[in-house]
Number of protein chains: 2
Amino acid sequence: MDIEPLHRRIASDIERRIASGEWRPGFRIPTEAELMAEYGCARMTVSRAMTDLSARGLVVRRRRAGTVVAHPPVHSSALVAIPDIQSEIEGRGLAYSHQLLLRIVRPSRADEDGMGARLIELETLHLADAMPFTLERRLISLTTAPEAEHADFTAAPPGGWLLAHMPWTEAEHRISAVGADGETATRLGLSDGTPCLRLERRTWRDGLAVTWAWQTFPGAAYDLVARFSPTQSPMKTPIKE
Amino acid sequence: MDIEPLHRRIASDIERRIASGEWRPGFRIPTEAELMAEYGCARMTVSRAMTDLSARGLVVRRRRAGTVVAHPPVHSSALVAIPDIQSEIEGRGLAYSHQLLLRIVRPSRADEDGMGARLIELETLHLADAMPFTLERRLISLTTAPEAEHADFTAAPPGGWLLAHMPWTEAEHRISAVGADGETATRLGLSDGTPCLRLERRTWRDGLAVTWAWQTFPGAAYDLVARFSPTQSPMKTPIKE
DNA sequence: GGCAGTCTAATGTCTAGACATTATTGCGCG
DNA sequence: CGCGCAATAATGTCTAGACATTAGACTGCC
C-alpha cells in the first residue's frame with residue numbers, strides 16, 4: 001500500500017461528499033483556512049486539492065465568495081471514444097491485416113475544399129482474422145503532408161502512418177448510418193443497402209487540412225461503446241462480444 | 001488584458017513547442033532546475049506548470065528519469081460528444097416537442113438484467129418542427145428511482161426528468177447502425193430497412209441500474225459530430241446543416 | 001432609500017526552502 | 001563479466017510565509 005498524498009486525500013474526501021449528495025450543487029465548501037485547520041496542514045496543500053477539483057469541474061472557486069460545488073453542466077454531453085482500428089481488432093484477440101486497394105495521386109476536386117491542390121486518394125480494406133472489418137477511403141493533402149507521396153501504405157495502414165508522421169491540431173468526427181452502396185457492399189461482402197456505421201474523420205494541422213477519411217463498418221458487426229463516470233474521461237476500452 | 005500567471009506561461013510555452021512538433025513524443029524536456037533558471041523563478045512554479053501538463057496528458061513525468069513529451073494515446077484517440085436531444089434540436093433553430101406514446105409499469109423480464117424487479121417502460125417520439133426526429137424506448141428502474149412512477153413524462157421528456165432527478169455515477173453508450181424495423185419505421189415515417197443510427201445509453205447510480213434507453217435516428221437526417229483539438233475535450237456543440 | 005467608496009474575506013500566485021521517493025548510473029567486489 | 005549496492009539526479013510533497021486580486025459587505029453621505 002503506498003500512502004496517499006495529503007492533497008489527494010483532501011480532494012477525494014470532498015469528492016466523496018459531492019458524489020454522495022451530502023454536498024449538493026451550490027453548497028459552499030469550507031474555506032481553505034477552515035480545511036487547513038481541519039487537516040492541520042499548510043494552505044498550499046489545501047489549495048492544491050481545490051485547484052485539482054476545480055480543474056476537473058467539480059467545484060467552482062471565486063475569490064472572496066469562496067468555493068461551491070459546481071452545478072452539473074447543462075449540456076451534459078456524454079462522450080464516446082473512437083478507438084484506433086488496429087488496436088480495436090487486436091483488443092478482441094483477432095489478427096489484424098490490411099489491403100491497399102487503391103492509391104492514386106491527383107489534383108483535388110472542387111468539393112474537396114481545403115485539401116490543397118494535389119492529394120493522394122487511398123482505399124484500404126481492414127481485416128480481422130482475414131474477414132473484412134471496415135472499408136476506408138482516405139484523402140491526404142500533399143500540400144500539408146508532402147512526405148505521404150513516398151510513404152509505403154502497403155506496409156503500414158495510412159491511419160497509422162499519419163499518426164506517426166503528421167500530428168494534427170484539430171479534428172472533426174462525424175458518425176452516421178448509411179446503407180452500403182454497390183462497391184462498398186461488394187468489398188465488405190454485404191448485400192446492397194445493408195445498414196453500416198459510417199465514421200468520417202477530418203484533421204487539420206495549424207489550419208491546413210491533413211486528411212479526410214471515411215470508414216464504413218458493417219452495422220451488425222461493429223458498435224462504438226464507451227463506459228465512464230461523469231467526472232472522468234472515458235478511458236476503458238470498448239469491448240464487444 | 002489580464003496578465004498571465006507565470007506557471008501558465010511556462011506551461012503554454014512548452015505546450016506550443018510540443019504542438020508545433022519542435023519537441024516530438026519521447027523528447028526529454030529540460031529539468032525543473034533548468035526551467036527554474038530559464039524563467040528565474042522558484043521550483044514550485046515550474047513544478048506546477050509541469051503538473052498541469054502532466055494532468056492533461058501532454059507529458060509524462062518520472063522521478064530521476066525526467067519529463068518527456070507523451071506519446072499520443074494509441075487507444076481512445078478520438079472522441080465524439082453525444083448531445084442532449086432537446087438542446088441539439090433547439091441548437092439548430094428548430095422547435096422541440098415530444099409525444100409520449102407508451103407508458104407501462106411492469107415487472108422486469110429476464111433479459112433486462114440488473115434493472116430491478118419493477119420498472120417503467122416508455123416510448124417517446126421527439127420532434128423537430130413537428131417532424132419525427134428520434135424514437136426513444138426507455139426503461140427506468142423503479143427500485144433505483146421510485147419517484148419516476150409518479151413523474152409526468154408528458155410534461156418533461158424522460159431524459160430531462162432523469163437528468164434533473166437522478167444523477168448517475170456510471171454510464172455506457174453504444175452506437176450502432178441498424179435498419180428500421182416495422183414499428184420504428186412507421187413512427188419515424190421511413191420505409192422498412194432504412195439505415196438508422198441507434199444510440200443505446202445505460203446509466204447506473206452507485207452500481208444500481210437507473211435507466212436503459214435506445215434512441216433511433218433516421219440515418220439521413222442525423223449525424224453525431226465533434227470538432228476538437230488533441231489537448232482539449234470536445235466542447236463545441238456539433239452543427240449540421 | 002440609494003449610491004459610492006472603502007473595508008475585508010476569500011482565493012490566486014509565488015518564494016525559498018525541506019525532506020521523501022524513485023529509478024538510473026556507476027562502482028566495487030566476487 | 002555480471003551482480004548487487006551505493007551514490008545521485010530527478011520529480012513529489014509539503015511548509016510557512018508573502019503579496020496580489022477580486023468581489024461581497026458595510027458604511028456614510030446625500
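Note on naming: letters A, B, ... go to the chains in the order of the sequence lines (proteins, then strands), and numbering restarts at 1 for each one.
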Asker: Return each pair, listed once, that meets side-chain hydrogen bond (donor to acceptor under 3.5 Å, both in side chains) where at least one residue sits in residues 38-47 of chain A; pairs must be two or more places apart or across chains.
Answerer: A:Asp13-A:Tyr39, A:Glu32-A:Arg43

Asker: Not counting sequence neighbours, which residues clear side chain to side chain contact (heavy atoms under 4.5 Å, CB included) with B:Asp113? List them please.
Answerer: none

Asker: Walk along nucleotides 10-15 of chain D from 5' to 3' and tag each nucleotide B, S or - by protein heavy-atom contact under 4.0 Å, base first, then sugar-phosphate.
Answerer: BBBBBB

Asker: Can you name the residues that form a salt bridge (charged side-chain N to carboxylate O under 4.0 Å, His left out) with A:Glu149, not counting sequence neighbours?
Answerer: A:Arg118

Asker: By ring-ring contact (aromatic ring centres under 6.0 Å, His included), which residues pair with B:His7, not counting sequence neighbours?
Answerer: none

Asker: Listed by chain and number, what are the side chain to side chain contact (heavy atoms under 4.5 Å, CB included) partners of A:Ser141, not counting sequence neighbours?
Answerer: A:Met115, A:Thr143, A:Thr144

